[in-house]
Amino acid sequence: MCGIIGYIGKHKATPILVNGLKRLEYRGYDSSGIAIFNDGKIYLAKAKGRIIELEKKTPSNWDGNIGIAHTRWATHGEPNEQNAHPQVDCSGKIFVCHNGIIENYKELKEELIKNGHKFKSDTDTEVLSHLIEKNMRYGPELAIAKSLKLVKGTYGIVVLFANYPDRIIAARNSSPLVIGIGNGERLIASDASAILNRTRNVIYMNDGEMVVIRKDNIKLFGFNKNQDPSAFQGLNISKRKEKVEWTIDSAQKNGYPHFMLKEVFEQPESLTNSLRGRIIKNNGFAKLGGLEEIKNRLKKIDRIIISGCGTAYLAGAIGKLMIEELSGLPCEVELASELRYRNLPASRQNLAMVAISQSGETADTLAALRRFKEKNILTLGIVNVVGSTISRETDAGIYNHAGPEIGVASTKAFTSQLAVLALLALFLGRQRNLLKLDGKKIAEELALLPQLCHHVLIHSNKMAKAIAEKYKNFNNFLYMGRKYNFPTAFEGALKLKEISYAHAEGCGAGEMKHGPIAMIDENFPTIAIAPLDSVYDKMASNMEEIKSRHGKIIAITTEGNKKIKHIADDWLYIPKTLEMLTPILAVIPLQLFAYYMGVSRGLDVDKPRNLAKSVTVE
């Protein structure tokens with residue numbers, strides 16, 4: 001959940017590392033640190049808070065051309081300089097940056113203390129630096145491998161040695177690392193965005209791999225924790241090289257005050273990219289190249305389990321309804337953080353699991369995926385990041401192609417996930433009993449989504465801002481919806497919590513009378529998602545129940561619905577579309593409302609407190 005960057009080359013490392021950390025700020029962090037080999041020794045600087053505080057402590061005369069840096073999101077030990085990375089061993093010569101969690105660090109720490117090691121932090125990471133120190137008689141590479149053999153948990157680590165100033169060594173297990181190959185320089189980072197201003201040529205590391213990085217070459221090794229760590233296996237680098245297709249420019253604000261607002265307004269483009277080349281209107285088909293090799297296996301499945309976390313889980317909840325309606329396949333949606341601990345079904349050839357993750361690195365989703373793979377169950381991925389772990393470990397999948405999402409609160413990734421799930425539902429439906437005529441109608445409406453999305457943005461932006469200003473001092477909100485917009489209500493509430501820190505609850509409108517309505521009064525507004533669909537009359541009745549209890553109502557409804565003015569206090573319109581596609585349009589005013597609520601409260605909407613973009617720890 002933190003950020004790592006390392007550099008070795010012909011240029012000054014300090015500004016490159018600091019700029020890399022700034023590009024990783026969106027991941028969420030509370031402290032940072034940097035280690036630079038300079039004038040024959042390694043210098044260290046750490047700071048609590050934002051990167052600018054670290055810059056103040058980093059001397060301009062650090063001219064070394066090798067170093068590592070880190071942004072930390074606290075797990076073990078409070079946010080302070082002592083606990084910031086890099087963490088150092090007793091000798092002061094081994095510097096470790098680490099993403100992940102060492103689950104058995106207490107036992108390892110106790111044993112190291114018995115052997116005379118002195119600890120200075122409360123982190124689990126410091127155990128790694130002392131373990132490596134203990135094994136240094138074997139040399140740096142083998143010392144790291146032998147140390148990692150003792151570790152239980154997840155890690156992406158980079159290590160800098162005072163006695164070996166010609167190299168950086170990194171290793172990975174369930175926490176992403178990407179190697180950058182530049183002209184006379186090499187980089188290592190937890191996210192490609194940190195290095196794109198230096199190179200777009202990368203190698204994505206896999207679990208169980210270690211890399212030795214020098215300024216003019218890299219050596220990649222595989223190691224098995226169950227074997228002698230000295231049994232390294234050299235890996236073919238040339239076949240692993242990839243080129244990152246998006247540029248650093250696409251990860252800039254481009255005149256918007258925040259990344260979140262920029263990404264909300266990028267949704268017509270991101271939806272276009274998610275749908276491009278995948279709709280065959282004439283025949284009512286969805287063309288999904290990532291599923292081509294397994295399409296015959298998909299014809300035979302009779303059950304689907306969708307899994308994800310947070311926003312991805314809520315996208316899956318909508319996707320479940322799409323798949324069931326168009327294909328007739330029974331479909332379940334499960335929180336990955338719970339599914340990973342469930343007693344999973346035995347291996348079945350007619351079951352498929354779909355893992356949804358924007359980053360493709362979400363720890364809980366990845367753990368759930370691996371449990372299904374152990375049972376030889378067909379696994380599919382819906383991810384946005386090319387080369388991510390989930391994209392590599394699933395049997396097949398569909399990329400979102402939504403472009404980089406920097407704001408912590410997911411916006412364009414969510415609508416992209418819904419578009420991809422609609423395509424998957426159409427694909428599965430046309431494999432079965434969905435008529436060509438119905439398929440054509442869905443394909444045509446899908447193709448219109450970018451245009452309709454643009455329409456919502458143009459007509460809702462100012463109104464959402466005005467409504468947020470009106471309600472900015474309210475601290476409790478209820479979001480409610482039915483059927484396809486039941487999960488949309490939860491997504492709207494999640495956005496408001498993330499961005500404005502107001503308390504918000506999602507609720508199925510049919511459940512109002514079973515408890516939630518007790519909260520309603522003049523100080524507890526309700527956001528009702530009520531497009532003119534098959535359940536509108538039911539939603540209207542629920543809104544009347546709230547109104548009769550003096551509750552304020554903000555409604556999201558379809559253009560042309562004039563009756564809403566007699567029920568709601570405020571309203572935002574969306575254009576008419578198919579019922580199954582309404583969440584893609586209805587969520588946009590909710591995103592704008594959350595954004596302007598956060599801004600009106602003076603909050604950093606791109607980096608909400610306590611949150612991280614890529615959740616790579618449990």
Side-chain angles (χ1 to χ4, degrees), residues 1-9 13-14 16-18 20-21 23-24 27 29 32-37 42-46 64-73 84-89 93-102 123-133 140-141 143-145 147-148 151 153-182 185-195 198 202-215 218-221 223 361 614 616:
M1 294 177 70
C2 339
I4 287 176
I5 182 169
Y7 175 85
I8 181 170
T14 301
I16 294 171
L17 295 175
V18 171
L21 289 184
R23 299 187 192 284
L24 293 173
R27 293 171 67 93
Y29 71 104
S32 59
I34 185 171
I36 300 289
F37 190 87
I42 294 178
Y43 291 84
L44 180 67
K46 298 182 181 182
N65 59 9
I66 176 173
I68 58 176
H70 187 267
T71 53
R72 176 177 184 256
W73 187 86
H85 300 198
Q87 288 293 317
V88 189
D89 71 318
K93 295 183 178 180
I94 301 169
F95 296 73
V96 178
C97 293
H98 164 232
N99 287 352
I101 290 180
I102 307 303
T123 68
D124 55 336
T125 300
E126 192 180 355
V127 165
L128 294 172
S129 59
H130 290 283
L131 283 174
I132 296 168
E133 177 189 15
E141 292 86 356
I144 292 174
S147 299
L148 294 179
V151 165
T154 61
Y155 54 81
I157 65 168
V158 294
V159 188
L160 187 63
F161 297 89
N163 291 340
Y164 297 88
D166 64 334
R167 72 195 73 175
I168 296 171
I169 302 176
R172 167 193 165 137
N173 178 51
S174 298
S175 190
L177 287 173
V178 57
I179 304 161
I181 305 168
E185 60 185 14
R186 300 292 183 268
L187 301 99
I188 182 85
S190 52
D191 188 318
S193 63
I195 62 176
R198 309 298 304 180
V202 302
I203 295 174
Y204 292 98
M205 291 183 67
N206 295 323
D207 286 349
E209 291 184 350
M210 176 187 295
V211 63
V212 181
I213 304 174
R214 293 180 172 86
K215 67 180 180 180
I218 62 173
K219 291 184 179 179
L220 194 62
F221 302 95
F223 65 93
E361 304 290 352
S614 181
T616 56

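Since this is a predicted model, take the numbers as computed values, not measurements.
- When every heavy atom of R72 is checked against every heavy atom of T123, the shortest pair comes out as NH2-CG2, 4.0 Å.
- Between E185 and N65 the shortest side-chain heavy-atom distance does not fall below 4.5 Å.
- Scanning all heavy atoms of the two residues, the minimum distance from H85 to T125 falls at CE1-OG1, 3.0 Å.
- A distance of 5.0 Å separates CD1 of I188 from CG of L177, quoted to the nearest 0.5 Å.
- Exactly one of I203, I168, I8, V212 qualifies for a side chain to side chain contact (heavy atoms under 4.5 Å, CB included) with I218. That residue is I203.
- No side-chain heavy atom of K219 sits under 4.5 Å from any side-chain heavy atom of V211.
- With rounding to the nearest 0.5 angstrom, the CG atom of N173 is 7.0 Å from the OG1 atom of T154.
- For the pair Q87/L128, no side-chain contact is recorded, criterion being any heavy-atom separation below 4.5 Å from C-beta on.
- Scanning all heavy atoms of the two residues, the minimum distance from R23 to S193 falls at CD-O, 3.1 Å.
- The two residues L148 and I157 have their closest heavy-atom pair at CD2-CD1, 4.1 Å.
- Closest heavy-atom contact between G33 and P86: C-CD, 3.8 Å.
- Counted within 6.0 Å of NZ on K215, heavy atoms from surrounding residues, nucleotides or ligands total 12 or fewer; the atom is thus considered open.
- Distance CD1/I144 to CD1/I169: 4.0 Å, rounded to 0.5 Å.
- Rounded to the nearest 0.5 angstrom, H70 NE2 and L21 CG are separated by 9.0 Å.
- In this structure, the side chains of I42 and K93 stay at 4.5 Å or more apart for every pair of heavy atoms.
- Annotation for G20 and I5: closest pair CA-CD1, 3.7 Å, computed over non-hydrogen atoms.
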Q: Could you walk me through whether V158 and C97 pass the side-chain contact (heavy atoms from CB on, under 4.5 Å) test, one step at a time?
A: CA-CA 5 Å; V158 294; C97 293; 3.6 Å; yes
